[in-house]
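In what follows, a single structure is set out as structure tokens and then discussed.
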There are 4 protein chains.
Amino acid sequence: MQSRSPASRAGRPRSTAADAAILAATREALVELGWSRLTLGDVAIRAGVAKTTLYRRWAGKNELVVDAVAELFDELTLPDRGSLAEDIEGVVLQFAAILARPEARSGLMAVVAEATRDDALRERIRASIVERQKRLVLAGRARAQARGELPSEPDAREAARTVDLIFDMVAGAVVHRTLVSAEPADEEWVHGFTRVLLSGLAAAPDRGDREAP
Amino acid sequence: MQSRSPASRAGRPRSTAADAAILAATREALVELGWSRLTLGDVAIRAGVAKTTLYRRWAGKNELVVDAVAELFDELTLPDRGSLAEDIEGVVLQFAAILARPEARSGLMAVVAEATRDDALRERIRASIVERQKRLVLAGRARAQARGELPSEPDAREAARTVDLIFDMVAGAVVHRTLVSAEPADEEWVHGFTRVLLSGLAAAPDRGDREAP
Amino acid sequence: MQSRSPASRAGRPRSTAADAAILAATREALVELGWSRLTLGDVAIRAGVAKTTLYRRWAGKNELVVDAVAELFDELTLPDRGSLAEDIEGVVLQFAAILARPEARSGLMAVVAEATRDDALRERIRASIVERQKRLVLAGRARAQARGELPSEPDAREAARTVDLIFDMVAGAVVHRTLVSAEPADEEWVHGFTRVLLSGLAAAPDRGDREAP
Amino acid sequence: MQSRSPASRAGRPRSTAADAAILAATREALVELGWSRLTLGDVAIRAGVAKTTLYRRWAGKNELVVDAVAELFDELTLPDRGSLAEDIEGVVLQFAAILARPEARSGLMAVVAEATRDDALRERIRASIVERQKRLVLAGRARAQARGELPSEPDAREAARTVDLIFDMVAGAVVHRTLVSAEPADEEWVHGFTRVLLSGLAAAPDRGDREAP
DNA sequence: TAGTAAACGAGACGGTACGTCAGGTCTTTTT
DNA sequence: AAAAAGACCTGACGTACCGTCTCGTTTACTA
């Protein structure tokens with residue numbers, strides 16, 4: 001590898017501390033103010049940074065909040081609780097715990113709402129948050145197959161479709177429960193939900209056939 | 001500008017038409033502009049109404065959009081397709097069709113996001129949209145019980161819990177599929193999803209006991 | 001007269017007090033801050049008015065300052081001191097006194113500087129300030145002619161040219177003395193200047209001939 | 001060869017070309033943009049120089065423009081046309097020609113305006129521009145005295161006062177004619193003005209006495 | 001001829017003001 | 001009495017320049 005990093009160009013380098021400070025300040029402001037009352041000027045003040053510095057790095061409020069919220073989901077892990085059902089319960093509980101935090105609730109839903117009219121933003125959300133966490137579904141299935149709880153997937157395309165379905169069902173249900181129904185996604189609820197999900201998946205194996213009984 | 005009835009001539013009989021005109025203008029603006037770019041001044045112009053009139057009837061942007069969006073969901077019906085599974089598929093498809101419309105996507109998610117910090121708004125959403133559509137789940141179960149597809153529920157409280165779960169799973173999955181994964185909730189997907197949901201519910205009967213074998 | 005004034009249309013009328021408050025605040029800010037540090041936001045605050053109100057009435061800083069400064073020169077009068085020379089001295093002293101005020105100094109020169117690149121602004125200055133005060137020269141000459149100190153002008157075009165020359169010489173000399181040389185235009189200086197000016201005008205009557213001895 | 005300046009110690013010497021390039025770029029920008037739209041960043045780019053270099057040599061916009069404009073007036077000379085009146089006409093015409101150039105108009109008036117609130121800047125203007133050109137008045141009088149057109153001055157203080165008055169009258173009238181009245185200071189006007197000025201000076205000899213008959 | 005110290009280009013930085021825009025409120029005239 | 005019209009205050013927007021501050025890179029004098 002060359003000693004000359006291609007990124008080190010002339011001029012004063014960007015402050016590495018600023019990025020972290022700005023994202024942290026964004027989350028803090030989301031907690032206190034929510035999405036609509038959050039202003040970039042206020043974030044800049046909280047981060048001890050000039051507004052121009054903020055605009056130099058992010059195109060706007062949406063992009064900033066996506067990045068600030070995406071970091072929250074990196075703390076998700078797949079616990080080894082011994083069985084697929086219990087592993088999944090563990091992840092879902094972690095996910096629910098994150099969504100219980102105000103910065104996640106306000107931020108995530110607001111950018112999703114904005115993304116309905118902004119394809120670039122939606123892609124950013126998918127890449128930064130959704131695709132990044134599909135690792136959990138994949139790891140869970142691999143572990144279950146190793147345990148013999150699930151058969152190996154012969155059809156890769158069908159397998160990917162199932163991953164997507166699982167993700168939509170898990171994320172969707174928890175989000176709806178938490179944000180729309182405004183009820184806590186506590187252990188009892190997660191237990192019931194997981195049982196239905198896994199029973200359904202076991203009973204209805206992925207077959208492309210529409211009309212099978 | 002909307003083509004209004006010629007009643008807007010003299011005197012003061014405008015009130016009745018104004019509500020509908022404003023809500024329609026709101027949906028039109030949601031389609032064209034999305035939530036964040038929608039302005040009340042613009043809605044007033046589209047509706048052929050003064051801003052004052054608008055503020056006399058709604059407290060602000062959130063309340064107006066909730067009402068504008070809520071009307072969209074009233075067209076949901078429970079079709080009689082002969083079996084529980086197919087009835088549910090029909091409703092889910094209708095729901096997906098509504099969420100495919102831009103005014104529903106932008107408007108609904110935005111007010112949900114705002115509601116994370118505004119209890120009154122969340123309650124308004126719950127009452128106007130969510131609770132109002134639970135009728136579909138109830139009607140579906142009643143019809144299935146009449147058909148003998150489902151046993152009658154002895155425990156009312158447990159039954160209500162199941163209704164909530166179903167609603168969270170259905171609405172959540174469709175919303176996530178549509179808005180976050182940005183994939184169409186088409187017939188094939190709805191079929192697969194419904195099969196998993198119903199299989200799961202059948203295999204995992206609602207028992208409050210967490211630790212029962 | 002009709003009761004329906006053509007200017008009184010629908011809607012809330014503009015506040016008449018705001019104009020005066022804004023112009024006074026502008027002069028106050030000119031005194032304290034000078035032209036370059038004067039900001040329209042600050043003027044708005046001083047006037048107890050929103051920035052938008054200010055922008056609704058003036059196109060920018062230049063136009064505002066022209067109007068604010070123009071008012072200062074309306075207090076000039078032609079005193080009757082008994083002779084042409086002494087009348088002129090009186091006016092020049094008044095003019096010097098106005099230019100000694102900071103709001104006039106900073107404001108006037110700055111807009112003149114800007115006007116070098118803005119024909120509309122220059123025309124505004126000419127109309128609002130220069131032409132408006134030529135009344136003094138005209139009144140002075142009329143009174144002198146009435147007294148028999150000056151002969152009547154047979155050639156109107158030549159007379160106008162002389163008025164312009166007098167105005168350029170008087171205003172130019174006082175401004176240069178005050179602002180560039182930074183010396184006071186006090187009674188002694190004004191006396192000397194007036195004597196030279198009047199002697200020159202008397203000795204060199206306006207004749208279009210270039211080569212006359 | 002110049003004597004070794006004590007300040008020239010170690011290190012890279014300042015680029016001599018940069019000064020000239022910056023001043024030329026400043027005048028170019030004044031022509032194109034005028035004072036208020038001229039920015040130091042733009043001047044730096046035009047001069048092919050970093051902003052830092054510019055700030056290392058001038059304290060700010062005002063100082064830079066004073067220096068850039070001052071150079072323009074160094075080209076003034078006292079022509080020998082045979083008589084005092086015609087010599088003066090020649091100088092005044094040169095002066096008017098310089099003021100007809102946009103970089104002089106915008107730049108000079110703007111710094112004069114700024115100087116109304118900045119004594120250091122005013123002193124810089126006086127030293128760099130005004131006092132430097134008084135040489136023309138002095139040279140003109142000396143030549144006229146040699147020709148016998150003017151008597152020698154016995155009172156040095158009174159003589160200085162007359163020089164100041166002439167300078168204020170000449171510079172002031174030309175500036176006002178050019179910038180405020182926005183009329184050209186052409187040969188005809190300069191001829192008329194010079195005649196009035198010289199007649200006045202001849203008829204009203206400098207006597208300190210205010211009330212003497 | 002090798003150091004070294006200042007000048008240099010590049011560009012990020014904390015600020016301040018800009019001119020615009022939307023949210024709501026208030027005050028008129030019109031119907 | 002309601003509605004249209006539009007002026008008003010508030011506050012955020014995203015941009016432009018300011019003048020300062022690192023950086024890495026010349027460049028000429030000095031040791």
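These figures come from a predicted structure and were not determined experimentally. Here is how names work: the chains are called A, B, and so on, in the same order as the sequence lines, proteins then strands, and each is numbered from 1.
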- Item | Nearest heavy atoms of C/S36 and C/K61, plus distance in Å | O-NZ, 3.7 Å
- Item | F/dA3 phosphate, OP1 or OP2, under 4.0 Å from B/R56 side-chain N/O | yes
- Query: Would one find a side-chain N or O of B/T52 under 4.0 angstrom from OP1 or OP2 of E/dT25?
  - Reply: no
- Query: Do the side chain of D/K51 and the base of E/dG9 come within less than 3.5 angstrom through a donor-acceptor pair of N or O atoms?
  - Reply: no
- Whole-Å distance separating the CG atom of B/L54 from the P atom of F/dA5: 14 Å
- Message: One thing to verify: whether D/E71 and D/R27 come together as a salt bridge, which I'm taking to mean a side-chain N less than 4.0 angstrom from a carboxylate O.
- Response: yes
- Item | Whole-Å gap separating P (F/dC8) and CG (C/D19) | 9 Å
- Query: Any side-chain heavy atom of C/V69 within less than 4.5 Å of one from C/L30?
  - Reply: yes
- Among B/D119, B/D67, B/D118, B/N62, find the residue that satisfies the side-chain hydrogen bond (donor to acceptor under 3.5 Å, both in side chains) test when tested with B/R124. B/D67
- Given atom CD1 of D/I45 and atom C1' of E/dA10, what is their separation to the nearest angstrom? 11 Å
- Determine the contact category for B/L38: base if any of its heavy atoms lies under 4.0 Å from a base atom, sugar-phosphate if only primed atoms, P, OP1 or OP2 are that close, otherwise nothing. sugar-phosphate
- Item | Below 4.0 Å: OP1/OP2 of F/dC8 and any side-chain N or O of C/R57 | yes
- Item | Whole-Å gap separating C1' (F/dA16) and CG (D/L40) | 13 Å
- 5' precedence on DNA chain F between C/S15 and A/Y55 (nearest-nucleotide basis): C/S15
- Message: If I compare all heavy atoms of A/A29 with all of A/V43, which pair ends up nearest, and what's the gap?
- Response: CB-CG2, 4.3 Å
- Message: Side-chain N or O of C/R14 versus OP1/OP2 of F/dA5: is the shortest distance under 4.0 Å?
- Response: no
- Could you state the atom-to-atom distance from CH2 of B/W58 to C1' of E/dG24 in whole Å? 16 Å
- Message: Looking at the base of E/dC26, is there any donor atom on it, or on the side chain of C/R12, that sits under 3.5 Å from an acceptor on the other one?
- Response: yes
- Using a heavy-atom cut-off of under 4.0 Å over every strand shown, decide if D/G60 touches base, sugar-phosphate, or nothing. nothing
- Between C/K61 and A/V49, name the one whose nearest nucleotide on DNA chain E is closer to the 5' end. A/V49
- Query: In whole angstroms, how far is the C1' atom of F/dC17 from the CG atom of D/L64?
  - Reply: 15 Å
- Rounded interatomic separation in angstrom, taking CD from D/E63 and P from F/dC18: 13 Å
- Residue whose closest nucleotide on DNA chain E lies nearer the 5' end, B/G41 versus A/G11: A/G11
